[in-house]
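Numbers here are sequence positions counted from 1.
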Amino acid sequence: RALEHDGRMRWGELAARVHLSPNAVAERVRRLQRSGVIAGFSVRRDWATLGRPIHAYIDVKLVPGADHAAFESELGLHDEITEAHHVNGRYDYLLAGHFGDLLAVDGLLSRLKSDGLVAESETRFVLRSVDGIDPT
């Protein structure tokens with residue numbers, strides 16, 4: 001969890017948090033990397049600072065018989081979309097995105113529906129996020 005919060009944390013600081021020596025911590029992290037448990041380190045963006053304060057989740061139902069590969073390729077053309085998951089249930093996909101304003105959300109939905117693959121969508125907007133929840 002400490003590395004998820006700050007992947008650039010020094011071994012000494014991490015060691016103090018988990019009550020181990022810096023060498024023991026370094027070896028454990030390397031072992032977790034080799035085994036694939038730690039797949040990499042990343043940067044978390046502050047979307048509001050980047051001019052995209054609106055965070056939305058979009059459920060998408062494709063038309064019957066739609067080409068999923070074509071839809072997934074289309075998603076790659078829209079940098080507002082930051083996550084896409086093929087899911088079970090009423091909808092086929094769950095998308096997450098960050099937008100500058102509501103017109104940008106409307107524009108994305110219009111583009112996705114204009115290709116003839118999307119039958120239905122439902123959009124939910126994040127009002128606030130709850131801190132302290134483990135994302136794993």
Side-chain angles (χ1 to χ4, degrees):
R1 285 188 182 176
L3 285 176
E4 285 176 349
H5 178 70
D6 181 2
R8 295 175 47 144
M9 183 179 299
R10 296 173 191 257
W11 295 132
E13 184 181 345
L14 182 57
R17 284 193 187 189
V18 298
H19 309 292
L20 293 170
S21 72
N23 287 341
V25 165
E27 181 50 39
R28 286 183 186 203
V29 170
R30 286 187 198 102
R31 191 175 339 123
L32 290 169
Q33 288 176 294
R34 283 191 304 270
S35 68
V37 172
I38 295 177
F41 296 91
S42 63
V43 172
R44 285 181 303 196
R45 291 170 273 197
D46 181 334
W47 289 103
T49 300
L50 292 170
R52 294 185 186 184
I54 297 175
H55 186 187
Y57 289 96
I58 305 167
D59 291 304
V60 174
K61 182 178 184 121
L62 300 185
V63 298
D67 181 350
H68 285 252
F71 177 72
E72 290 174 12
S73 292
E74 173 70 20
L75 295 178
L77 301 175
H78 304 283
D79 68 344
E80 305 95 341
I81 298 172
T82 55
E83 292 181 55
H85 307 279
H86 185 227
V87 296
N88 67 330
R90 173 172 159 71
Y91 293 97
D92 297 308
Y93 288 87
L94 171 62
L95 311 178
H98 295 271
F99 302 87
D101 54 35
L102 293 177
L103 287 175
V105 178
D106 184 50
L108 172 73
L109 293 172
S110 294
R111 287 189 303 274
L112 290 177
K113 290 178 179 177
S114 71
D115 67 10
L117 296 173
V118 175
E120 184 181 339
S121 69
E122 183 174 320
T123 304
R124 291 168 285 146
F125 296 98
V126 174
L127 301 177
R128 67 180 173 86
S129 296
V130 178
D131 291 332
I133 304 296
D134 183 1
T136 56

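- L94 and L62 are members of different hydrophobic clusters when ILVMFWY side chains are connected at heavy-atom separations under 4.5 Å.
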Before you tell me yes or no, could you show the steps for V118 and K61 under side-chain contact (heavy atoms from CB on, under 4.5 Å), namely the whole-Å CA-CA distance, both residues' side-chain angles and the distance that decides it to 0.1 Å?
CA-CA 6 Å; V118 175; K61 182 178 184 121; over 6 Å; no
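- Atom CG of residue L102 and atom CD1 of residue I54 lie 4.5 Å apart, to the nearest 0.5 angstrom.
- Both V37 and V29 are members of a single hydrophobic cluster when ILVMFWY side chains are connected at heavy-atom separations under 4.5 Å.
- Residues G100 and A104 come closest through the heavy atom pair N-CB, 4.3 Å.
- Among pairs with a residue in residues 8-44, none fulfils ring pair (Phe, Tyr, Trp, His ring centres under 6.0 Å), at least two apart in sequence or across chains.
- Connection of I38 to V18 is established within a shared hydrophobic cluster, with ILVMFWY side chains joined at heavy-atom distances below 4.5 Å, either directly or through further cluster members.
- Across P22 and G12, no two heavy atoms sit closer than the pair CG-CA, 4.1 Å.
- Atom CZ of R111 is surrounded by more than 12 heavy atoms from other residues, nucleotides or ligands within 6.0 Å.
- The side chain to side chain donor-acceptor pair (under 3.5 Å) pairs that include a residue from residues 22-38 are E27-R34, where partners are two or more places apart or lie in different chains.
- In terms of hydrophobic clustering, with Ile, Leu, Val, Met, Phe, Trp and Tyr side chains grouped at heavy-atom distances under 4.5 Å, V63 and F71 are assigned to different clusters.
- A distance of 8.5 Å separates CD of E13 from CZ of R10, quoted to the nearest 0.5 Å.
- Using a 4.5 Å heavy-atom cutoff, the side chains of Y91 and E120 are in contact.
- Y57 OH to E83 CD: the interatomic distance, rounded to the nearest 0.5 Å, is 6.0 Å.
- With hydrophobic clusters built from ILVMFWY side chains whose heavy atoms lie under 4.5 angstrom apart, M9 shares a cluster with L20.
- Scanning for side-chain contact (heavy atoms from CB on, under 4.5 Å) contacts around T123 gives A56, I58, V105, L109, F125, with sequence neighbours left out.
- With sequence neighbours excluded, no residue forms a salt bridge (Lys or Arg N to Asp or Glu O under 4.0 Å) with D92.
- With sequence neighbours left out, the ring pair (Phe, Tyr, Trp, His ring centres under 6.0 Å) criterion links H68 to H86, Y93.
- Salt bridge present: R52 and D79 bring a charged side-chain N and a carboxylate O closer than 4.0 Å.
- The stretch residues 36-51 participates, sequence neighbours left out, in these side chain to side chain donor-acceptor pair (under 3.5 Å) pairs: D46-T49, W47-H98.
- With a 4.5 Å cut-off on side-chain heavy atoms, L117 and V60 do not count as touching.
- A salt bridge is absent between R90 and D59; no separation between the charged side-chain nitrogens and carboxylate oxygens falls under 4.0 Å.
- Put simply, CD on E80 and CG on L95 are 11.0 Å apart, with the number rounded to the nearest 0.5 Å.
- Using modelled atom types, one finds a donor on one side chain and an acceptor on the other under 3.5 Å when comparing K113 with S121.
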